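Just so it is clear, the model here is predicted, and its values are computed rather than measured.
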Amino acid sequence: MDQDMVGMTGRVTGTVGPGLVGEVIVRIRGGAEHFLAHPALNERESIPVGTVVTVVEHLPPRTVYVTAAYVN
């Protein structure tokens, strides 16, 4: 059974932003998996590598929409 990913945190490994298909790594199912990522709240938002993000939406099998978990 798949685990619900909404609300999980991960880290950006490939910049998420406009015109880009970014990448995040999320700890799930006893390991860590990479997912294609898009910005969830502002399609013009750029989220740099290393940023901790929260999964807002999951489109199986490997796509997530994310937002920065912490505001500076």
Side-chain angles (χ1 to χ4, degrees):
M1 176 190 278
D2 276 345
Q3 190 172 351
D4 186 15
M5 293 187 59
V6 174
M8 291 187 153
T9 58
R11 186 168 303 272
V12 175
T13 55
T15 301
V16 177
L20 303 172
V21 176
E23 184 181 64
V24 297
I25 188 166
V26 178
R27 291 194 175 278
I28 187 170
R29 295 185 274 273
E33 298 182 22
H34 290 267
F35 293 86
L36 301 176
H38 300 278
L41 300 178
N42 180 351
E43 61 190 33
R44 293 183 297 226
E45 177 182 25
S46 183
I47 306 172
V49 171
T51 302
V52 176
V53 293
T54 300
V55 176
V56 174
E57 185 177 356
H58 175 225
L59 301 177
R62 310 291 306 160
T63 301
V64 292
Y65 285 81
V66 297
T67 188
Y70 307 105
V71 177
N72 291 334

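- Contact detail for His58 and Val64: the closest heavy-atom pair is CD2-CG1, 3.9 Å.
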Using residues 7-24 as the side-chain source, report each donor-acceptor pair under 3.5 Å to any protein atom, sequence neighbours left out, with the distance given to one decimal.
residue : atom : partner : partner atom : Å
Arg11   : NH1  : Gly50   : O            : 2.6
Thr13   : OG1  : Glu23   : O            : 3.3
Thr13   : OG1  : Glu23   : OE1          : 2.9

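- Closest approach of Thr63 to Phe35, counting heavy atoms only: N-CD2, 4.4 Å.
- Using a 4.5 Å cut-off between side-chain heavy atoms of Ile, Leu, Val, Met, Phe, Trp and Tyr, with links allowed through other members, Val55 and Ile28 fall into the same hydrophobic cluster.
- Among pairs with a residue in residues 47-57, none fulfils side-chain hydrogen bond (donor to acceptor under 3.5 Å, both in side chains), at least two apart in sequence or across chains.
- For Glu33, the salt bridge (charged side-chain N to carboxylate O under 4.0 Å, His left out) partners two or more places apart in sequence, or in a different chain, are Arg29, Arg62.
- Alongside Tyr65, the hydrophobic cluster contains Leu59 (criterion: ILVMFWY side chains under 4.5 Å).
- In this structure, the separation between CD1 on Ile47 and OG1 on Thr67 is 5.5 Å, given to the nearest 0.5 Å.
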